[in-house]
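Chain naming here is simple, since letters A, B, ... match the order of the sequence lines and numbering starts at 1 in each.
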Number of protein chains: 2
Amino acid sequence: MNTKQVAGLTGISVRTLHYYDKIGLLCPGRNDENGYRQYVEADLDLLQQILFFKKCGFSLSKIRALIKSPSFDRKQAFILQRKYLQHEKRRIDTMLATLDKSLKAMKGEYDMAQNEKFKGLDFDNNPYEDEARRLWGDQAVDNSKKHIGSLSDEEKSAVAKGMDDLFCSLAKLRLQDPASDAVQAAMDGMYRYFNQNFGVTYSLQAFAGLGQMYVTDSRFTENIDKYGAGLSEFLAAAMGIYAKNKAK
Amino acid sequence: MNTKQVAGLTGISVRTLHYYDKIGLLCPGRNDENGYRQYVEADLDLLQQILFFKKCGFSLSKIRALIKSPSFDRKQAFILQRKYLQHEKRRIDTMLATLDKSLKAMKGEYDMAQNEKFKGLDFDNNPYEDEARRLWGDQAVDNSKKHIGSLSDEEKSAVAKGMDDLFCSLAKLRLQDPASDAVQAAMDGMYRYFNQNFGVTYSLQAFAGLGQMYVTDSRFTENIDKYGAGLSEFLAAAMGIYAKNKAK
DNA sequence: CTTGACTATAACGCTGCGTGATGGTGTATA
DNA sequence: TATACACCATCACGCAGCGTTATAGTCAAG
């Protein structure tokens, strides 16, 4: 299929498809003769995933990080997205209730508290995040929190210092290819460091899952990106590749 | 209430509230001593409206045009918004169905057509628009279309020319105050022109409603704004004021 | 060989805020 | 009375995700 046909099929504009290609989000093959884009079925499936992730409120760069990761699992993504949509439905119900109450209040049939007027109208928190936490991260996060909690103040600050150093050194690599030897060697160091310092043994899967959380979970993203813009997305890719390679 | 309290109550950031004030969307009174913003209950109700309109996908400038119009009716807005939300719920159901089918297709239990993969994922058309059409405009639009259809080609182009001239002259006024005498005189001309040339007699209410449609309905907005950026929003205000004044 | 319907890239514009920077106010504490 | 500290204010700049021209090459039909 050519660009225009995909546009017609999906409702995404041609311009947008060009843009997605340019930013490395959806890069179809090309016709050898004239260089025109050629979308095959796998491209369409990927586009569908992209659109679902957009619905879940992720930025394009995050989506790219997620779907490019070798540890990306379509089935899991579908399941999380379903949970997100169910959340959304409930939110809409809340908003409908708010609406009906506001109507009644307008007629004087109901006395509405101020905070009631805004139920369901808060735009901030992303339920997809919550679900992803439950699926991938909370045990790991909780465990390490528990472990850290059991340390003395000195030990705590030592660990904190170690993490700081680790992320500083990782940040310097973030413009290189995540699959390169240098980066993968750093990943090996990271994996070992985590296993030594967090009271849990990370399986390779859990390590890759933690990488996914670096982009899906704002608690991580925001802290990590302080060491350098885009670091979390870079790490997600590099950790996924590391887990995949080592699993062999 | 001060700015921070409102922020806490609604989930809207302080920065955003400042911004809304600056662009004339939500301008609370001020404390005389220090110039601080003071939000009263009416402001909160308005903010609620603004948030509902945002959910419906309107831009801030459109929202401003809608709520500032004297013909703005809170109850009608609530009702339209409810319909919009119900639409959204149905769309989510469609997306959920698409999701489940995709899962099945992945397992090989179902053969999915390409276009089926994108059901519910099209972001473009705004259901609020459709509802607003049904409520305010379709009869008027249909009637005038019918009337114009009954004309000869010459007459048609004469009407088209007249409309073109009319909007050109209106566009020149668009930076003035919609309530000013000059603008209101032009509105009088517009009202008469419409009643003479569209085979329908516009009630003042219908005239104001048409103004609302100029901003809610992209069929109008896009055409009108060709004569000058923001013309549709300006006209919506001016027509609303005209109808209100003349009703007295 | 020209027309019209495609394709391509490149560059500028727009919206809705977030994020400081900088400075005035108000009240509590030393 | 000084000073700290939390809160308010107004700029000014930056960013994502495209829409929108502008400009140019490709291809089949007439």
Asks: To the nearest Å, give me how far apart CG (D225(B)) and P (dT20(D)) are.
Replies: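 Whole-Å distance recorded here is 12 Å.
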Asks: What is the distance, to the nearest angstrom, from the NE2 atom on H18(B) to the C1' atom on dC7(D)?
Replies: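 Going from H18(B) (NE2) to dC7(D) (C1'), I get 10 Å.
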Asks: Does S69(B) reach the main-chain N or O of L66(B) with its side chain, forming a donor-acceptor pair under 3.5 Å?
Replies: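 Between the backbone of L66(B) and the side chain of S69(B) there is no qualifying donor-acceptor contact (under 3.5 Å).
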Asks: At 4.0 Å (heavy atoms only), tell me whether L60(A) reaches a base, stays on the sugar-phosphate, or touches nothing.
Replies: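 It contacts sugar-phosphate atoms only.
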Asks: How far does CD of E233(B) sit from CG of L235(B), to the nearest 0.5 angstrom?
Replies: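 With rounding to 0.5 Å, CD (E233(B)) is 10.5 Å from CG (L235(B)).
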Asks: Choose from dG24(C), dT9(C), dC17(C) the nucleotide whose nearest atom is closest to any side-chain atom of Y20(B).
Replies: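 The closest nucleotide is dC17(C).
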Asks: Taking NZ, NE, NH1 and NH2 as the nitrogens, is one of them in E116(B) or K119(B) under 4.0 Å from a carboxylate oxygen of the other?
Replies: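 Salt bridge between E116(B) and K119(B), a charged N being under 4.0 Å from a carboxylate O: no.
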Asks: Return the 5'-most residue of the pair Y36(A), S13(A) with respect to DNA chain D, ranking by each residue's nearest nucleotide.
Replies: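 Checking each residue's closest nucleotide, the 5'-ward one belongs to S13(A).
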Asks: Answer yes or no: does a side-chain N or O of S61(B) lie under 4.0 Å from OP1 or OP2 of dT15(C)?
Replies: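 No, outside the criterion.
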Asks: Can you check the I50(A) CD1 to dC18(D) P distance for me, whole Å?
Replies: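 To the nearest whole Å, that distance equals 11 Å.
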Asks: Could you tell me how far apart L51(B) (CG) and dG16(C) (P) are, to the nearest whole angstrom?
Replies: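 Computing the L51(B):CG to dG16(C):P distance gives 13 Å.
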Asks: The side chain of N34(B) is closest to which nucleotide in this list: dC7(D), dG26(C), dC6(C)?
Replies: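 It is dG26(C).
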Asks: Considering only side-chain heavy atoms of N2(A), which listed nucleotide, dC27(D), dC17(C), dT7(C), is closest?
Replies: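 Nucleotide nearest to N2(A)'s side chain: dT7(C).
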Asks: Using only modelled atom types and a 3.5 angstrom limit, is any donor from either the side chain of R15(A) or the base of dT20(D) paired with an acceptor on the other?
Replies: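 It does, because a donor-acceptor pair links the side chain of R15(A) to the base of dT20(D) below 3.5 Å.
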Asks: Using the side-chain heavy atoms of R37(B), tell me which of these nucleotides is nearest: dT7(C), dG16(C), dA9(D).
Replies: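 For the R37(B) side chain, the nearest candidate turns out to be dA9(D).
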Asks: State which of dA8(C), dT7(C), dT10(D) makes the closest approach to the side chain of K4(A).
Replies: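 Comparing dA8(C), dT7(C), dT10(D) against the side chain of K4(A), the answer is dT7(C).
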Asks: From C-beta outward on T16(B), which listed nucleotide comes closest to its side chain: dC17(C), dC18(D), dC7(D)?
Replies: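 Between dC17(C), dC18(D), dC7(D), the one nearest the side chain of T16(B) would be dC17(C).
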Asks: F58(A) has an atom CZ; how far is it from atom P of dG17(D), in whole Å?
Replies: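 About 13 Å, once rounded to whole Å.
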Asks: Please give, in whole Å, the distance from dA10(C) C1' to D21(A) CG?
Replies: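 My rounded result for the distance is 15 Å.
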Asks: Please check this pair: side chain of K83(B) against backbone of F78(B), looking for a donor-acceptor N/O pair closer than 3.5 Å.
Replies: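 Flag not set: sc K83(B) to bb F78(B) has no pair under 3.5 Å.
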Asks: Rounded to the nearest Å, what distance is computed from the CG atom of residue L26(A) to the P atom of nucleotide dG17(D)?
Replies: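 In whole Å, dG17(D) P and L26(A) CG are 15 Å from each other.
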Asks: With a 3.5 Å distance limit and no angle check, can you tell me whether S232(B) reaches the backbone of I224(B) through a side-chain donor-acceptor pair?
Replies: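 No, because the side chain of S232(B) does not come within donor-acceptor range (under 3.5 Å) of the backbone of I224(B).
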Asks: In whole angstrom, what separates K62(B)'s NZ from dC14(C)'s P?
Replies: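 Atom NZ in K62(B) sits about 17 Å away from atom P in dC14(C).
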Asks: Given dC15(D), is OP1 or OP2 found less than 4.0 Å from the side-chain N or O atoms of S59(A)?
Replies: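 Answer no for this pair, as no side-chain N or O of S59(A) is under 4.0 Å from OP1 or OP2.
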Asks: Output yes when at least one side-chain N/O atom of K22(B) is less than 4.0 Å from OP1 or OP2 of dA12(D), else no.
Replies: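 False: K22(B) side-chain N/O out of range (4.0 Å or more) of dA12(D) OP1/OP2.
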Asks: Which nucleotide sits closest to the side chain of Y19(A): dA8(C), dT7(C), dC18(D)?
Replies: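 The answer is dC18(D).
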Asks: Would you find a donor on one side and an acceptor on the other, under 3.5 Å apart, between the side chain of Y214(A) and the backbone of F234(A)?
Replies: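 No; zero donor-acceptor contacts below 3.5 Å.
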